[in-house]
Amino acid sequence: MPQQEGPGARRTGLARVSWVYLGLVVVPALLAVALLVGGDDDGGTVTATTSVAGHPLAQLLLAIAAVVALCKAFGWLAHLIGQPPVIGEIAAGIVLGPSVLGALWPAGAAALVPDSVVPQLNALAQIGVVLFVFLTGLELNLALLRGRGRLATVVSHVSIAVPFLLGVVLAVVAFTTFAPQGVGFLAFALFFGVSMSVTALPVLVRILKDVGLFRSEVGAVALTCAVVDDVTAWSLLALVVALATASSLSGVLVTLGLTAAFIALLLLVVKPVLARVISRTAPGRLRHTAPLALVAVLLCAMTTEWIGVHAMFGAFLFGVVFPRDNPVATWLHEKAGGLTSALLLPLFFAYSGLRTDIGLLAGDAELWLWCGAILLVAVAGKLGGAALAARTVGESWNRSLQLGALMNCRGLTELVVLNIGLDLGVLSPTLFTTLVLVALVSTVMTAPLAISLGRRDGQRVGMDLSDDSFVPDEQRTPAA
């Protein structure tokens with residue numbers, strides 16, 4: 001056994017280390033500084049800046065730090081008041097933008113997130129969205145679609161068809177007021193319909209867990225309907241993007257044809273090959289090759305972006321066909337999921353907030369009336385449509401309204417859709433801001449309504465705020 005050193009030996013060793021450090025580190029450093037200061041400076045001058053503004057990388061790092069810190073703080077506060085963290089993170093993005101910080105302290109907003117770093121934030125945010133939709137597809141439990149009976153079938157279809165129809169009808173009235181110049185009615189109306197039909201599956205999962213409904217019958221039905229909504233929404237969005245980006249009917253047909261070929265390739269070739277390779281490879285080797293899955297995600301996203309239906313569609317489809325419950329999927333959740341939740345998605349919230357300017361609505365009573373009307377249509381279509389459908393197939397009014405309230409959750413998925421619409425020029429900045437507020441309000445409504453209606457129905461529900469290890473992982477959905 002090694003001998004224990006006494007206090008004297010420890011002091012001697014510490015003194016020896018101190019003298020070595022002084023002689024070989026401190027003294028050489030001081031001599032180097034003296035030579036640099038005292039030498040002739042005939043080789044020209046280098047302009048130095050002491051502020052962050054003179055250093056692009058420092059500006060970007062400061063912006064990222066501010067965004068992540070504020071989003072996590074607001075997410076924690078939202079969790080404390082019984083809301084999913086994504087609500088706080090969306091609100092943090094709006095606070096950083098022109099609606100709050102930009103209006104109250106323009107110099108501070110420009111210092112924290114200057115215009116020069118916005119394109120870089122956007123690039124990182126888009127990577128975050130690609131990873132987010134891939135993980136959503138990876139965790140999409142298609143087994144939920146089997147065995148749910150008439151209730152799930154009717155509610156899922158009605159909760160898409162009714163709000164989509166109401167969105168198209170509202171687009172007829174809103175087209176002259178909100179449509180950007182040069183945008184055709186078809187693309188505008190389809191986009192409006194899609195934005196009314198969205199249910200945010202990842203946020204819904206988080207809410208169901210928080211309120212204690214995740215393993216209940218109403219929770220299972222809500223998840224089943226949300227799965228159908230998610231697949232349908234991304235498919236409709238791909239169609240809208242194709243219509244908005246193609247320059248002619250032949251261009252639309254080519255885009256749709258290439259998209260169909262890409263889907264067939266994934267389903268008929270990639271999916272069985274992946275399943276065979278993963279089932280025949282040892283778990284240890286799989287974990288070493290797991291990063292290659294991220295390469296495949298980016299290549300699929302690149303392919304659909306090139307086709308013309310947006311990068312997120314390729315990432316989502318690859319997630320759907322990727323085998324689940326294996327070491328690669330686990331690694332992707334642990335590594336890519338953690339990075340996406342902790343860093344990249346807050347940048348997306350900030351980027352969305354920088355584009356949301358509530359000042360565009362300020363002082364204009366007509367625009368606020370439009371905002372209220374769109375919110376009313378959105379809630380009536382989604383909550384009302386799902387509730388009526390559930391009631392029609394025999395559920396009580398209380399349970400039907402609870403299911404409708406859960407389906408009315410829009411959250412992060414709606415933000416992804418809206419940002420695509422703004423990028424394509426289908427949405428004006430004013431309509432984008434209006435729809436962001438609608439998404440925020442409709443998501444805020446979900447948990448309180450679900451709890452209130454559940455208690456009236458005799459369910460044991462309520463927000464669980466006792467989780468000290470809270471991690472805002474609302475982007476994650478559970479494996480079956």
What heavy-atom pair brings [X] and [Y] nearest, and what distance separates the two atoms?
{"X": "Leu135", "Y": "Thr340", "result": "CD1-OG1, 4.4 Å"}
{"X": "Trp306", "Y": "Leu258", "result": "CZ3-CD1, 4.4 Å"}
{"X": "Asn408", "Y": "Ala378", "result": "OD1-O, 3.8 Å"}
{"X": "Arg391", "Y": "Ser396", "result": "NH1-CA, 3.8 Å"}
{"X": "Ala92", "Y": "Cys71", "result": "CB-CA, 3.7 Å"}
{"X": "Ala78", "Y": "Gly88", "result": "CB-N, 3.6 Å"}

- The side-chain contact (heavy atoms from CB on, under 4.5 Å) partners of Asn326 (sequence neighbours excluded) come to Ile278, Phe322, Pro323, Val328, Ala329
- Sorted by chain and number, sequence neighbours left out, side-chain contact (heavy atoms from CB on, under 4.5 Å) with Pro448 holds for Gln83
Do [X] and [Y] have side-chain heavy atoms sitting under 4.5 Å apart?
{"X": "Phe318", "Y": "Thr304", "result": "no"}
{"X": "Phe348", "Y": "Leu344", "result": "no"}
{"X": "Leu332", "Y": "Leu131", "result": "no"}
{"X": "Leu121", "Y": "Ile64", "result": "yes"}
{"X": "Thr259", "Y": "Ile263", "result": "yes"}
{"X": "Phe262", "Y": "Leu317", "result": "yes"}
{"X": "Phe74", "Y": "Ile94", "result": "no"}
{"X": "Arg410", "Y": "Val417", "result": "no"}

- Query: Can you list every pair that meets ring-ring contact (aromatic ring centres under 6.0 Å, His included) and has a residue in residues 381-423, with sequence neighbours left out?
  - Reply: none
- Message: Show every ring-ring contact (aromatic ring centres under 6.0 Å, His included) that has at least one partner inside residues 183-209, sequence neighbours left out.
- Response: Phe175-Phe185, Phe175-Phe188, Phe188-Phe192
- Task: Quick one: do Val67 and Phe349 satisfy side-chain contact (heavy atoms from CB on, under 4.5 Å)? Show the steps, please.
- Result: CA-CA 9 Å; Val67 166; Phe349 293 131; over 6 Å; no
Can you give the donor-acceptor pairs under 3.5 Å from side chains of residues 381-389 to other protein atoms, not counting sequence neighbours?
unit_1	atom_1	unit_2	atom_2	d
Lys382	NZ	Ser159	O	2.8
Lys382	NZ	Ser197	O	2.5
Lys382	NZ	Thr199	OG1	3.2
Lys382	NZ	Asp229	OD2	2.6

- Message: Using the side-chain hydrogen bond (donor to acceptor under 3.5 Å, both in side chains) criterion, which residues pair with Glu395? Sequence neighbours excluded.
- Response: none
- Note on the structure: Across all chains, not counting sequence neighbours, the side-chain hydrogen bond (donor to acceptor under 3.5 Å, both in side chains) partners of Thr443 are none
To the nearest 0.5 Å, what is the distance between [atom1] on [X] and [atom2] on [Y]?
{"X": "Phe313", "Y": "Cys300", "atom1": "CZ", "atom2": "SG", "value": "11.5 Å"}
{"X": "Cys409", "Y": "Ile207", "atom1": "SG", "atom2": "CD1", "value": "4.0 Å"}
{"X": "Glu89", "Y": "Ser352", "atom1": "CD", "atom2": "OG", "value": "11.5 Å"}
{"X": "Leu104", "Y": "Ser99", "atom1": "CG", "atom2": "OG", "value": "10.0 Å"}
{"X": "Arg324", "Y": "Leu138", "atom1": "CZ", "atom2": "CG", "value": "7.0 Å"}
{"X": "Leu170", "Y": "Met196", "atom1": "CG", "atom2": "CE", "value": "7.0 Å"}

- Item | Pair Leu190-Leu236, side-chain contact (heavy atoms from CB on, under 4.5 Å): steps then yes or no | CA-CA 8 Å; Leu190 285 174; Leu236 287 173; 5.9 Å; no
- Message: For residues 167-185, which residue pairs pass the side chain to side chain donor-acceptor pair (under 3.5 Å) check, not counting sequence neighbours?
- Response: none
- Just checking, any donor-acceptor pair under 3.5 angstrom between side chains of Gln126 and Asn122? yes
Salt bridge (Lys or Arg N to Asp or Glu O under 4.0 Å): which pairs involve [range], sequence neighbours left out?
{"range": "residues 302-318", "value": "none"}
{"range": "residues 156-179", "value": "none"}
{"range": "residues 418-428", "value": "Arg355-Asp423"}

- Test Met312 against Leu237 for side-chain contact (heavy atoms from CB on, under 4.5 Å), laying out the working first. CA-CA 10 Å; Met312 62 85 205; Leu237 185 60; 3.4 Å; yes
- Working for side-chain contact (heavy atoms from CB on, under 4.5 Å), residues Leu112 and Leu101: CA-CA 10 Å; Leu112 283 178; Leu101 187 61; 4.0 Å; yes
Show me the donor-acceptor pairs within less than 3.5 Å that the side chains of residues 426-441 make with the rest of the protein, sequence neighbours left out.
unit_1	atom_1	unit_2	atom_2	d
Ser428	OG	Phe178	O	3.2
Ser428	OG	Leu431	N	3.2
Thr433	OG1	Asp357	N	3.1
Thr433	OG1	Pro429	O	3.0
Thr434	OG1	Thr430	O	2.9

